Peer 1: 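What follows is a single structure, and I will ask about it in a moment.
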Amino acid sequence: MPNRLATQTSPYLQQHADNPVDWQPWDGDALKLAREQDKPILLSIGYSACHWCHVMAHESFEDPDVAAAMNRDYINIKVDREERPDLDQIYQTAHAMLTQRNGGWPLTMFLMPDGTPFFGGTYFPKTPRYGMPGFLDMLPRIAAAYREKRDDIGRQNAALMAALGRTLPVTGHDEPPAMDATPLAAAVTSFARVFDEVHGGIGAAPKFPHPFELEFCLRRHARDGDEIALSIARLTLTKMAEGGIYDQLGGGFCRYSVDEYWAIPHFEKMLYDNGPLLALYSDAWRVTQHSLFKTVAAETAAWVMRDMQSPEGGYYSSLDADSEHEEGKFYVWSPATVKALVTDGEYAVIAPHYGLAGGPNFEGKYWHLRVETPLAQVAQRLGAPLPECASRLASARGKLLAARGQRIWPGRDEKVLVSWNALMIRGMARAARVFDEPAWLQSAQRATDFIRSVMWRDGRLLATHKDGRAHLNAYLDDHAFLLDALIELMQIEFRRTDLDFARDLAELLLAQFEDKENGGFFFVSHDHEKLIHRAKSGHDNATPSGNGVTSIALQRLGHLMGEPRYLAAAERTLRLFYPALAQNPGSFVSLATALEEWLTPPSIVILRGPAGAAGEWQRALTATYRPDTLIIGIPENLQHLPPALDKPAAAGQNGSGVSAWLCRGVTCLPPIFDCTVLERALHGAAPDQSP
């Protein structure tokens, strides 16, 4: 008989609905049951695309003996970390404090009935192996400790709660700290110290993409001409695009590479990686004009629209690492299989290009595609023209992608998360703006409109949607990332609804998340469910810091709308986190970006005039990578705008009918009627509009 997870929206929770474990969702009923029965809580946190979560489920949660021990001694609660990042933050931090080890998923924590953890770990095998204790052996011992060592647990819990309290940033100054640009260069220096100069990447294996750190490197190059920063970004993005972490057939990136070469990934594909990477490759193309970066952006955007966008418009969350209970089975090949699908001429190109001519590179028996030999070198060896080889490769790739589509697919997590959707909306909008692709813009707008129509209820945002049901209070990241995405959308096609939505989100951030006394923004709203800790973090993780993105977005919206309250809230946040940023700048690049734009406010260009002509100006200005410039084209007949945006159209001043206002901070130049003059002004030259 299914347990209580059968009624949940999370695919991850539904995967465990038929376990013999009497799983509960995290809710008042489950917590009340723990108190009434005086049982510890066994909390298991994971997500649907997690390989080791599936392993532990098959080994333990589907096993009748393990389930019997769990049901006898515990109230068992399953949590999807993607739906409840508030709980995941708290218990990952607590795990690190209790074990002095890094966390991960599955996260396995043992809690008192009030939610305070007293023991924990990540993956546990059913029986002892890998140097780890067996889960079945642990269960009765931990239950006995709960019954017999309450005093010891109580003292540990008091110390843990005090330690959690110390994670909240405090200013520690009577006077606010002076802020300068020192952390900006220091962040790039910290990346350079751990940069792999041969294979690219920040840090050693396992290698993660680090899109926000690489984006910051591009910004530093654009601002200060930092060639080291550019080389870090360019080499890493090239090696990733040529590696197995990138889906060479279908587009999109896997979560990380298990090796230093970007060759073999952990095969899950996450929306939250691919949105920022899409924006990053688009910007990197503007900086370098490297055709590979444009190809990656186009293929990734195509993958998103083909495989990850719902008919209603929202973007799905992830694709599983496993299919048919084997990691990577969907993606790998054998030379014989490939040869049977393509012509001899196509195989002569694709085999050396993707490494099929060598030995297997995955589990000793499979070939996972990565670029082993550049196409130009393959063409030279074959004595064939490069365009002909490119045509053969494209044909072969199409055949392999079609054949792969007939395989049993990895599971797809079809819940729609606001925060992850916002990262993809921003990525699609940025790519659409850079490459002038209307279909990509329409994709981003469809996702935005889905969130606004379905997940925005009575002036509040909901975090997750699936199967026609939207629920759970949205978190800081949901509001911050969506606000940032709306500002990006307004730079390619200005819609009044997007501006109004952005203003509503900004007001909610100030009303429901800001710590007005100390500065900064809590991860959960003021009226959120009371938990054992209320986090307020500034460092970046797999996704950027909510406080960092809030600061960036509030500053930008504050300048766009002339709203000093937004600017002041962003500054309070920066001052609160500045000591941590200064001490460890490489871990706070979102806040470093906000600091950069606080020190030198972005340039804002307002274009008014006929839509076609204004669009031409906008495309011309977008061709150059200017991370410190916002370009807003406002339809000439749009009225009742905020004063800072309400610039009059000055028809007749030039042939195109376009007038442009360039503002920095609170200072605006006189209207400019020539796009070339505007370009010079953006480079710092005084505008000269004389004939």
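Position 1 is the first residue of the sequence, and the numbers go up from there. Quick caveat: nothing in here was measured; it's all calculated off a predicted structure. Hydrogens, waters and symmetry mates play no part in the numbers below; they use all other heavy atoms, side chains included.
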Peer 1: Once the angle between the rings of F124 and F135 is folded into 0 to 90°, is it parallel (under 30°), tilted (30 to 60°) or perpendicular (over 60°)?
Peer 2: parallel
Peer 1: Ignoring hydrogens and geometry, is there a side-chain-to-backbone donor-acceptor pair from N547 to T550 under 3.5 Å?
Peer 2: no
Peer 1: Which pair of non-hydrogen atoms, one from G546 and one from F481, has the smallest distance, and what is that distance?
Peer 2: CA-CE2, 4.5 Å
Peer 1: How long is the straight-line distance from NE2 of H54 back to CD of Q15, given to the nearest 0.5 Å?
Peer 2: 5.0 Å
Peer 1: May I ask you to check whether over 12 heavy atoms, not counting those of K399, lie within 6.0 Å of atom NZ?
Peer 2: yes
Peer 1: Identify whether the distance between the nearest side-chain nitrogen and carboxylate oxygen of R452 and D449 falls below 4.0 Å.
Peer 2: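 The answer is yes: the pair qualifies as a salt bridge.
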Peer 1: Under a 4.0 Å N-O cut-off, is there an ion pair linking E299 with R397?
Peer 2: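 Looking at R397 together with E299, the answer is yes, because their closest N to O distance falls below 4.0 Å.
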Peer 1: Can you tell whether the side chains of D322 and K329 come within less than 4.0 Å, N to carboxylate O?
Peer 2: no
Peer 1: Which residue in the set I245, D247, L278 passes side-chain contact (heavy atoms from CB on, under 4.5 Å) when paired with F253?
Peer 2: I245
Peer 1: Please confirm whether the backbone N or O of E62 pairs with a side-chain atom of D18, one donor and one acceptor, at under 3.5 Å?
Peer 2: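 Such a contact is absent between D18 side chain and E62 backbone.
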Peer 1: Is it true that a side-chain atom of T543 and a backbone atom of D540 form a donor plus acceptor pair closer than 3.5 Å?
Peer 2: no
Peer 1: Determine whether a donor-acceptor pair (N or O, by modelled atom type, separation under 3.5 Å) exists between the side chain of Q248 and the backbone of G243.
Peer 2: yes
Peer 1: Are side-chain N/O atoms of E83 and S10 paired as donor and acceptor at under 3.5 Å?
Peer 2: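 Per modelled atom types, E83 and S10 side chains form no pair under 3.5 Å.
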Peer 1: In terms of heavy-atom contacts, does CZ of R101 have more than 12 from other residues, nucleotides or ligands at under 6.0 Å?
Peer 2: no
Peer 1: List the atom of A422, the atom of A485, and the distance in Å for their closest heavy-atom pair.
Peer 2: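 The answer is O-CB, 3.4 Å.
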Peer 1: Please determine which of F362, F267, Y246 meets the ring pair (Phe, Tyr, Trp, His ring centres under 6.0 Å) test together with H368.
Peer 2: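 For H368, the ring pair (Phe, Tyr, Trp, His ring centres under 6.0 Å) test succeeds with only one of F362, F267, Y246, which is F267.
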Peer 1: CD1 of I350 to CG of L369: how many Å apart, nearest 0.5 Å?
Peer 2: 6.5 Å
Peer 1: Is the distance between the ring centroids of F61 and W23 under 6.0 Å?
Peer 2: yes
Peer 1: Kindly confirm or rule out a cation-pi arrangement of K339 over Y347, judged by NZ or CZ under 6.0 Å from the six-membered ring centre and within 45° of its axis?
Peer 2: yes
Peer 1: Can we say R255 and D273 salt-bridge, meaning some charged N sits less than 4.0 Å from an Asp/Glu carboxylate O?
Peer 2: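 No.
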Peer 1: So, do D86 and L531 sit near enough that their side-chain heavy atoms are less than 4.5 Å apart?
Peer 2: yes
Peer 1: Can you confirm whether the side chains of S419 and D477 place a donor and an acceptor under 3.5 Å from each other?
Peer 2: no
Peer 1: Ignoring hydrogens and geometry, is there a side-chain-to-backbone donor-acceptor pair from N274 to M270 under 3.5 Å?
Peer 2: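 Yes, because the side chain of N274 sits within donor-acceptor range (under 3.5 Å) of the backbone of M270.
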Peer 1: Give a yes or no on this: more than 12 heavy atoms of other residues, nucleotides or ligands lie within 6.0 Å of atom OH of Y261.
Peer 2: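 At most 12 heavy atoms, drawn from other residues, nucleotides or ligands, come within 6.0 Å of this atom.
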Peer 1: Using a 3.5 Å distance criterion without hydrogens, assess whether the side chain of N421 forms a donor-acceptor pair with backbone atoms of A447.
Peer 2: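 The answer is no, because no donor-acceptor pair under 3.5 Å joins these two groups.
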Peer 1: Verify the distance criterion only: is there a donor paired with an acceptor across the side chains of Q14 and S48 at less than 3.5 Å?
Peer 2: no
Peer 1: Evaluate the criterion side-chain contact (heavy atoms from CB on, under 4.5 Å) for residue pair V418 and L461; output intermediate values, then yes/no.
Peer 2: CA-CA 9 Å; V418 169; L461 193 61; 3.9 Å; yes
Peer 1: For this output row, return yes or no: ring centroids of W367 and Y354 closer than 6.0 angstrom.
Peer 2: no
Peer 1: Can a donor-acceptor pair be found, under 3.5 Å and without considering hydrogens, that links the side chain of T108 to the backbone of T122?
Peer 2: yes
Peer 1: Rounded to the nearest 0.5 Å, what separation is found between the NE2 atom of H210 and the CD1 atom of I202?
Peer 2: 6.0 Å
Peer 1: Take L214 and L237 through the test side-chain contact (heavy atoms from CB on, under 4.5 Å) and record every step on the way to the result.
Peer 2: CA-CA 9 Å; L214 297 177; L237 293 175; 3.9 Å; yes
Peer 1: Check this for me, if you would: do E324 and R407 make a salt bridge, where the nitrogen-to-carboxylate-oxygen distance has to be below 4.0 angstrom?
Peer 2: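 So E324 does not pair with R407 through a salt bridge.
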Peer 1: Do H471 and T9 have side-chain N/O donor and acceptor atoms under 3.5 Å apart?
Peer 2: yes
Peer 1: Hey, can you tell me if Y123 and Y130 have their rings parallel, tilted or perpendicular (30° and 60° cut-offs)?
Peer 2: tilted
Peer 1: Taking all heavy atoms of P265 and all of A263, pick out the closest pair and write down the distance.
Peer 2: CD-O, 3.7 Å
Peer 1: Just by distance, with hydrogens left out, do D63 and H58 show a side-chain donor and acceptor under 3.5 Å apart?
Peer 2: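 No, no side-chain donor-acceptor pair sits under 3.5 Å.
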Peer 1: Are any non-hydrogen side-chain atoms of D137 and T127 less than 4.5 angstrom apart?
Peer 2: no
Peer 1: Counting the benzene-type ring for Trp, do H16 and Y12 have ring centres under 6.0 Å apart?
Peer 2: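 Here the rings of Y12 and H16 have centres that are less than 6.0 Å from each other.
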Peer 1: How about W420 and Y315: are their ring centroids closer than 6.0 Å?
Peer 2: no
Peer 1: Do the side chains of D196 and K207 get close enough for a salt bridge, i.e. N-O under 4.0 angstrom?
Peer 2: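 Yes, charged N to carboxylate O under 4.0 Å.
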Peer 1: Under the side-chain contact (heavy atoms from CB on, under 4.5 Å) criterion, do W105 and D88 qualify, and how do the steps go?
Peer 2: CA-CA 10 Å; W105 301 280; D88 189 54; 3.0 Å; yes
Peer 1: For residues A474 and H479, report the shortest heavy-atom separation together with the two atoms involved.
Peer 2: CB-CE1, 3.5 Å
Peer 1: Please check: side-chain N/O of Y74 versus main-chain N/O of L139, any donor-acceptor pairing under 3.5 Å?
Peer 2: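 Checked: pair present.
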Peer 1: Please collect all salt bridge (charged side-chain N to carboxylate O under 4.0 Å, His left out) contacts where either partner lies in residues 461-474, sequence neighbours excluded, each pair once.
Peer 2: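 As it turns out, there is no salt bridge (charged side-chain N to carboxylate O under 4.0 Å, His left out) pair with a partner in residues 461-474 once direct neighbours are skipped.
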Peer 1: Under a 3.5 Å distance rule, please check whether T337 uses its side chain to pair with a backbone N or O of W333 as donor and acceptor.
Peer 2: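 A pair under 3.5 Å: no.
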Peer 1: Got a sec, which residues hit disulfide bond (SG atoms under 2.5 Å apart) with C50, two or more places apart in sequence or on another chain?
Peer 2: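 Expected list: C53.
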Peer 1: Between E414 and R412, does any NZ, NE, NH1 or NH2 come within less than 4.0 Å of an OD or OE carboxylate oxygen?
Peer 2: yes
Peer 1: Using modelled atom types and a 3.5 Å cut-off, is there a donor and acceptor pairing between side-chain atoms of T448 and backbone atoms of A444?
Peer 2: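 It does hold such a pair.
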Peer 1: Does this structure show an ion pair linking K269 with D413, if we count only N-O contacts that are shorter than 4.0 Å?
Peer 2: no
Peer 1: Between D484 and R426, is there a side-chain N and carboxylate O pair less than 4.0 Å apart?
Peer 2: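 Here D484 pairs with R426 in a salt bridge, since their nearest N and O are under 4.0 Å apart.
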Peer 1: Determine, for W262 and K239, whether the Lys NZ or Arg CZ falls below 6.0 Å from the six-membered ring centre while staying within 45 degrees of the axis.
Peer 2: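 No, cation not above the ring by the 6.0 Å, 45° rule.
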Peer 1: Kindly compute the distance separating CG (L271) from CD (Q309), expressed to the nearest 0.5 Å.
Peer 2: 10.0 Å
Peer 1: Do D320 and W409 have side-chain atoms, one donor and one acceptor, less than 3.5 Å apart?
Peer 2: no
Peer 1: To the nearest 0.5 Å, what is the distance between OG on S453 and CD on E312?
Peer 2: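 Atom-to-atom, S453:OG and E312:CD are 10.0 Å apart.
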Peer 1: Is any side-chain heavy atom of H266 closer than 4.5 Å to one of H51?
Peer 2: yes
Peer 1: Between E82 and K415, does any side-chain N to carboxylate O distance fall below 4.0 Å?
Peer 2: yes
Peer 1: As an exercise, state the distance from NE2 of H353 to CD of E346, rounded to the nearest 0.5 Å.
Peer 2: 13.5 Å
Peer 1: Taking ring pair (Phe, Tyr, Trp, His ring centres under 6.0 Å) as the test, write out the residues that go with F450, two or more places apart.
Peer 2: H465
Peer 1: May I have the step-by-step check of side-chain contact (heavy atoms from CB on, under 4.5 Å) for S318 and Y47, ending in yes or no?
Peer 2: CA-CA 10 Å; S318 62; Y47 59 102; 5.6 Å; no
Peer 1: Does R84 pair with E529 as a salt bridge, N-O distance under 4.0 Å?
Peer 2: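 E529 and R84: salt-bridged.
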